[in-house]
Amino acid sequence: MSEIYDVAIIGSGPAGFTAGLYASRANLNVILFEGSQPGGQLTITTEVENFPGFEHGVQGPEMMDIFRRQATRFGCKNVYETITKVDFSNRPFTLTNESGKEYSARSVIIATGATARTLKIPSEATYWGFGISACATCDGFFYKNKKVFVVGGGDTAMEEANYLTHFASSVTLLHRRQEFRASKIMIDRAKENPKIDFVLDSVIDEFMGEEKNGIKSLTAIKVRNVQTNESKIMPADGVFIAIGHDPNTQLFKGLLDMDDENYLITKGKSTYTNIPGVFACGDVQDHVYRQAISAAGSGCMAAIDAERWLQDN
């Protein structure tokens with residue numbers, strides 16, 4: 001007989017690691033599958049300054065390594081594997097990795113997170129985290145008195161642009177069309193803000209920058225008007241991509257309840273999904289806050305929910 005774990009956690013990052021910490025510290029037998037991006041989205045982030053306890057800030061990958069070590073200290077078993085199939089029809093549940101190996105677990109916590117949509121430009125990867133971001137709340141502070149751009153035309157783009165005016169010297173909202181998907185109130189709010197300019201019918205073709213002492217930094221963007229096909233170089237200290245996120249929920253389609261944007265639905269203020277014994281935490285079920293601290297908090301909730309559910313079942 002193969003080992004049956006009390007809790008299996010699918011995904012890492014602040015939510016998964018915190019769930020692993022709490023569940024293993026409760027003396028449960030826990031296994032955590034780190035997935036295709038061990039440590040989650042923060043591993044492609046540079047400095048994190050808004051997580052309590054790190055007074056002077058911390059590099060994203062370093063913080064996730066601290067989270068990981070703290071969870072394993074209490075017995076959480078971390079494996080660098082990706083779960084590609086789940087069977088929630090019988091208990092214990094069955095999870096299958098990319099090699100076909102099966103694991104059994106009495107409960108499952110899903111912390112697979114979400115992925116920011118990108119422009120899919122080769123130079124984008126070069127400067128991601130070095131001038132390109134997908135989170136104004138996370139990184140806006142670094143752009144005091146800087147010139148920044150926001151790419152997008154929905155409510156998120158308008159909200160990000162307005163938020164960034166608290167820091168940046170100027171904010172330019174760049175959109176590929178004339179019309180916006182955003183609600184009228186959000187459009188009006190952005191248009192009424194004197195620090196926000198608009199460049200419409202335009203797309204970014206290239207991110208440009210420099211490297212000094214081994215540190216990369218964005219300095220400009222190549223912008224093309226889609227109507228005239230004319231291009232121009234525009235100085236830029238930062239670019240915020242605000243074209244949405246995709247929750248990593250493909251694995252659970254047809255099994256777990258999701259909203260219209262494919263985020264997992266949890267019951268009330270809990271982390272319970274529609275299947276008893278299966279819980280969800282972090283960005284995979286949160287399309288509002290999407291912060292490391294809120295993800296960690298929901299990871300704690302998921303572990304406590306799982307522990308109490310196991311006691312009752």
Side-chain angles (χ1 to χ4, degrees), residues 5 7-83 95 97-98 103 108-116 118 125-135 137-139 141-142 213-217 245 247-248 279-284 286 289-304 306:
Y5 293 91
V7 182
I9 300 169
I10 306 175
S12 45
F17 288 144
T18 304
L21 167 63
Y22 271 78
S24 56
R25 198 167 177 273
N27 209 28
L28 297 173
N29 188 14
V30 182
I31 186 169
L32 186 151
F33 300 94
E34 295 228 11
S36 58
Q37 190 177 40
Q41 294 182 79
L42 280 180
T43 58
I44 57 171
T45 302
T46 50
E47 187 130 23
V48 179
E49 291 191 329
N50 57 0
F51 200 97
F54 295 93
E55 178 187 1
H56 302 291
V58 61
Q59 295 293 308
E62 180 188 354
M63 186 168 81
M64 288 302 92
D65 195 46
I66 293 169
F67 273 42
R68 179 184 291 111
R69 295 200 310 268
Q70 191 173 5
T72 56
R73 174 188 164 201
F74 291 101
C76 179
K77 181 180 179 181
N78 287 46
V79 291
Y80 292 91
E81 298 173 9
T82 300
I83 295 301
L95 313 179
N97 73 4
E98 67 271 36
Y103 295 87
V108 172
I109 294 175
I110 298 167
T112 48
T115 303
T118 65
T126 303
Y127 295 102
W128 194 273
F130 299 94
I132 306 175
S133 171
C135 180
T137 310
C138 311
D139 299 326
F141 182 81
F142 298 114
N213 300 320
I215 299 175
K216 293 176 288 187
S217 60
H245 287 70
N248 301 320
F279 308 88
C281 59
D283 288 9
V284 76
D286 170 24
Y289 302 104
R290 292 199 296 262
Q291 298 297 301
I293 188 68
S294 54
S298 68
C300 161
M301 292 166 58
I304 292 174

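Predicted, not measured: the structure shown is a model, and the values here were computed from it.
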Please determine if D65 and R69 form a salt bridge, counting it only when a charged side-chain N lies under 4.0 Å from a carboxylate O.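 Result for this pair is yes, salt bridge flagged.
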Apply ring pair (Phe, Tyr, Trp, His ring centres under 6.0 Å) to Y5 and list each qualifying residue two or more places apart in sequence or on a separate chain. none
Under 4.5 Å between any side-chain heavy atoms of N78 and R68, yes or no?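 Of all side-chain heavy-atom pairs linking R68 with N78, at least one is under 4.5 Å.
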Report yes if some heavy atom in the side chain of C76 is under 4.5 Å from a heavy atom in the side chain of Q70; otherwise report no. no
Measuring from atom [atom1] of [X] to atom [atom2] of [Y], what distance do you get when rounded to the nearest 0.5 angstrom?
X: I9; Y: I109; atom1: CD1; atom2: CD1; value: 4.5 Å
X: I83; Y: E98; atom1: CD1; atom2: CD; value: 7.5 Å
X: E81; Y: Y103; atom1: CD; atom2: OH; value: 3.5 Å
X: K77; Y: I31; atom1: NZ; atom2: CD1; value: 5.0 Å

Would you tabulate the side-chain donor-acceptor contacts of residues 48-57 under 3.5 Å, counting partners in other chains and residues two or more places apart, or write 'none'?
none

State, to 0.1 Å, how close [X] and [Y] come at their nearest heavy-atom pair, and which atoms those are.
X: C281; Y: A15; answer: SG-CB, 3.8 Å
X: A296; Y: T18; answer: O-CG2, 3.2 Å
X: A23; Y: V7; answer: CB-CG2, 4.4 Å
X: S217; Y: Y127; answer: O-CE2, 3.7 Å
X: P14; Y: A295; answer: CB-CB, 4.2 Å
X: N248; Y: V284; answer: O-CG2, 4.1 Å

Can you list every salt bridge (charged side-chain N to carboxylate O under 4.0 Å, His left out) pair that touches residues 14-26, not counting sequence neighbours? none
Trace of the side chain to side chain contact (heavy atoms under 4.5 Å, CB included) decision for Q291 with C135: CA-CA 9 Å; Q291 298 297 301; C135 180; 3.6 Å; yes
Donor-acceptor pair, side chain of S12 and main chain of E34, under 3.5 angstrom: yes
Backbone of V30 reached by a side-chain donor or acceptor of S24 within 3.5 Å: no
Can you establish whether the number of heavy atoms outside F33 located under 6.0 Å from its atom CZ is more than 12? yes
Before giving the answer on side chain to side chain contact (heavy atoms under 4.5 Å, CB included), spell out for F17 and L32 the whole-Å C-alpha distance, their side-chain angles and the decisive distance to 0.1 Å. CA-CA 8 Å; F17 288 144; L32 186 151; 4.0 Å; yes
For a side chain to side chain contact (heavy atoms under 4.5 Å, CB included) check, start with the C-alpha distance between S294 and D286, then their side-chain angles and the critical distance, and finish with the verdict. CA-CA 9 Å; S294 54; D286 170 24; 3.9 Å; yes
